[in-house]
Amino acid sequence: MTAVVKLSGATKQFGGLVAVDNVSFEVQEHQVLGLIGPNGSGKSTTLNLISGALPVTDGDIALRGREITGLPAREIARKGVARTFQLVRLLPSMNVVENVMAGAVFGHRRRWGASAERHAKHVLETVGIADKARSHVSQLTYIDTKRVELARALAGEPEVLLLDEWLAGLNPTELTEGIDLIHRLRDEGRTIILVEHVMDAIRSLCDACVVMSSGKKIAEGSTEAVLSDPEVIRAYLGDDDA
Amino acid sequence: MDILITGLILGGTYALIAMGLNLQYGVSRIMNLANGEMLVIGGFTAFALYTAGQVSPLLTIFIVAPVAYVLNWLVYRIMLRPLVKRAKSRGMLEQDAILTTFGLSFVMVGLMLWAFGGDYFSYSYLARPVVIFGDNFGLNRVVAFGCAALLCAGLYLWLNVSRAGMAIRAVAVSPENARLVGIDVPKLSARAFALGGAVTAVGGAVISTFLTLDASTGVMFTMKALIIVIMGGVGDVRGTILAALVLGLGETLVATFIDPGLTLAAAYALFIAILLFRPQGFFGRKPT
Amino acid sequence: MKRGDLSNLAWGAALLVLAALLPLTGDGYLISLGVTIAMYTVLATSWALFSGPTHYISLATAAFFGVGTYVTGAGIDHLPYWTLLPIAAVVGGVLAALVGLATLRLSGVYFVIFTLGLAEMTRQVVTWYQNKTGHKGTYVLTDLTDNDIYWQLVALAGLVFLIGWAVGRSRLGFALRIIGDDEDVARHVGINTALSKVALFIVSGAVAAVVGAIIAPRYVYIEPSTAFTPMLSFQVVIMALLGGTGRLWGPLVGVIPFTLLWEAISSSFPNQTTLLLGLSFLAIVYLLPGGFVGLWDRVKHRSARRRALA
C-alpha cells in the first residue's frame, strides 16, 4: 500500500542556511503524524515544502505515489493537500461561510453555488460553529478564527490535512476543545500531519512522530517510543541535561 | 567612447536619485511616487538661488538637503504613518501609499505650476567643455557626476560602517527581527524616508546644472528611479548604482542610434527584461 | 437565478433605457456632457472590475484607450466601421494579456509603475513610427454624430454591467475577492492567481480600447498627444475609487460628480486641474476610504445597529 505522503531526501536551503536537511518520512492512510522538535528545527519549513508554499532545493515529495515536487501550491492543493497557517489567515472582507466556501470551491473536491454553500455549512457544523456562519470574521474569538481556518482546509475534502501549530496560543479551556476537535477528525479516519509543541496534544493525538532538530530528522516511530528516546530529550532540553 | 562616457555620466546622476528612493522604499516600505517632485523642487531651488544671487548650485546643496529632510520627515509622520497604522494588510497599505504619494505628487506639481507657471527653466552653470579621451563634454555634467559619485560613495560607507547605517540595513532586511534587537522601527522609518528625500532633492539640484526641468517633469524621474530600484534590487546600494549606469548607458545608446524620443521606451525594454528574467534584481536572491 | 437578481437586472435595464433617451432632449451641451459621462462610466466600471477586488491599481487605461483610437484611425479608410470595434477589443485584450503576464505575477508596486509608463511608452513608439513613416496624424472622417457615439457608449456600458454582474456571480469573481484579501491563501486553496488576474485585466483592457475606438470619430484628427493622455488614467482611478469599488454601481456614483467638478474647474481654472487631481487622491485616502459606497455602507450599518439597540 502506498503512503499518502512520502518525503524522500527533502532539502531546503536559504542561501547558506540548510533549514531542512535530507528529510525522509511517510504518512499512511488514516494516520495522524506529529512533526515535532525544538524551535527553528525546520518543522514548519517542512510543512511549507509539502504544501508547495516553498519549492524544495533537493529531494522528492509524493502524494499517493505521484510526484508533487516542484508543483505550484495551487496544483498541490487541487491534488488534495490542505493546510492551516501558523498565524491564522482568514479572508478579512468575507463572512465565515464565505471563508469556508473558499476552500470548497477551488480545492480538491470542487463545488459551486448552493452546493458549495451547503457543504461549507456542513463543515462548519463539524468544527462546531454552525451558528456563526453569517458572522463577520472580525467578530470571532481567537479559537473560532482557528476553527474557521480549519473548516476552510476541510472544505475541499483533502487527502491529507496539514496543521501548522493549530493549537498554539489557546487558553486551557480552548485547548481541551481544540484537542477534542482534532480527535474527532482523527476518528473520522482523516490523514493529518501536525506540527505541534503542546505535548498533551501530541501524546493523545499522534499515532507516530517524526522529530526534527537543526533541519535533520533525528528520530521517528510511535509517539510513545519517540518521546522516551534519550536523543529526543537531549534535543529538546539541551546537552547538559541528558 | 563618447557614448559610453555620456551614458555613464547620466547614469551616475540617476544613481543618486534612485538611491534616495531606494532608501525610502527599503526601510519604510512605502513606494514614494512623489519622489520626482522632490527632485524638481531641489532643482528649482538651485535655479532660483543661482539666478537671484549667483549662488553656486554646489553650495545650494547644503540648504536643499536639510530643508528636504525636514519636509520629508513631516510627510512621513503626518501623512504616511497613520496609513501604516490603519492598514489591515500589506495590499491595503500598498494601495493607500500609492494613492497618497500620487496625490502628493500632483499637489506639488499643481502648486509649482501655480507659483512658477509651466515654463521650462534652465541656467548656464559651468557650461564649458572639457576634453576626456579626446572628446568634448560639458564641465557641468562632469562636475555633477563627480558630486553624485562622491555622495553615493559616502552613503554606501555610512550604511556599511556607522551604527545608524547598520540599523537601517537591518530594517531593510527584516523589520520584524529589527524590532526584536531593539531598533525603533517607526522612528528609523521616518528618518530613512527623510534622508531618502534629502538625497533625491540634492540630486535635483545637481541635475539642474545640465538638464532643463519644468514643473511637471518629476514623474519622469520617479519612473526612472523606480525602474532602477527594481533592477538593482530593493535596499541594495551596489545594485542601484549598477542599474543606474545600465539605464544611463541604455538610454544614451538608444537616443544616439535610434531616436532621442525613445528613451522611455528604452528604459521600459530594460524593465521588461528584468521583470521576466531577474525579478529579484541584479544581485538579489530568489524571493522566498 | 434568485428573485433579487431578476429585479436588479430589470432595474439596470430600465435605467439603461432611460439613459438612452437623453439625445431626445436635442440639447447639444447636454448630449456632449452625456458622452463624457458615459465614456467615464464605461472606463471606470471596467477598471473597477479588475482593480476593485484585487487592489492592483492600473494606470494603463490611457494606453488601452489610445490604442483603441488608433485602431479606428488606422482602419477607418480600409474597413467598415463596425468591424473596428471588435478589432480594438482584441488588440486591447492582447496588450493587456502581455502586460498582465509580465507584471501580475509580481507585487502591486511593480504593476503600478509598469502601467504608469505604458501610455507614455506607447505614445513614444507611435510617434517614432509616425515620424519614420512620415505622417504626423490621422484624420477620422465619419458621418457619426454625438448621438451615435452616445448610444454606442450606453450600449457598451450595459454590456460592461452585464459582464460585471456575471463575473460577480462566478467562480472567477469569487477567486478575485480571495486574491484581494490574501494571495497566499488563494494559492493554497487551489486558485490559479496569475491566470485569474490576467483574465479580468484583459476584460478591462479590451473595454478601454473599444471606448477609444468609439470616441475616435469625435476627435476627427488623431495624434499621439491627444490619444495617449496620462491624465485619463488618473481621472478614471479617481472616479472609480471616489464612487467605491465595493459595488458594481459604485464607480458610476463617482463618475457623475467628478465629471461635473472637472468640467467646472477646467473651464474656470484650467491651470489647476493637476492640483484638483492631487487633492482628490488625498481626499479619497483620508476622508472617503471605500468611496461613496463605503460611506453608504457605514451609515447603513450604524443606523441598523441603532435600530437594534432601540
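Reckoned from all heavy atoms, side chains included, excluding hydrogens, waters and symmetry mates. Naming convention: chains lettered A, B, ... in sequence-line order (proteins, then strands); numbering from 1 in each chain.
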Worksheet item: Using non-hydrogen atoms only, which part of A:Ala102 is less than 4.5 Å away from chain C: side chain, backbone, both, or neither?
Response: both

Worksheet item: Looking at A:Arg78, A:Glu75, A:Lys79, A:Arg89, which makes the most heavy-atom pairs under 4.5 Å with chain C?
Response: A:Arg89

Worksheet item: Is it true that A:Glu125 and A:Arg118 make a salt bridge, defined as a side-chain N closer than 4.0 Å to a carboxylate O?
Response: no

Worksheet, complete the sentence: Counting heavy-atom pairs under 4.5 Å with chain C, the top scorer among A:Ala104, A:Pro92, A:Gly107, A:Gly156 is A:Pro92

Worksheet item: Using 4.0 Å as the upper bound for N to carboxylate O, is an ion pair formed by A:Arg152 and A:Glu149?
Response: yes

Fill in: Residue part contacting chain A, namely of C:Ala186, when any heavy atom lies under 4.5 Å
neither

Worksheet entry | Greatest number of heavy atom pairs closer than 4.5 Å to chain C - which of A:Leu91, A:Leu90, A:Val81 | A:Leu91

Fill in: Charged N-O contact under 4.0 Å between A:Glu29 and A:Arg64
yes

Discussion item. Check this for me, if you would: do A:Glu98 and C:Arg177 make a salt bridge, where the nitrogen-to-carboxylate-oxygen distance has to be below 4.0 angstrom?
Written reply: yes

Worksheet item: Just by distance, with hydrogens left out, do A:Asn39 and A:His197 show a side-chain donor and acceptor under 3.5 Å apart?
Response: yes

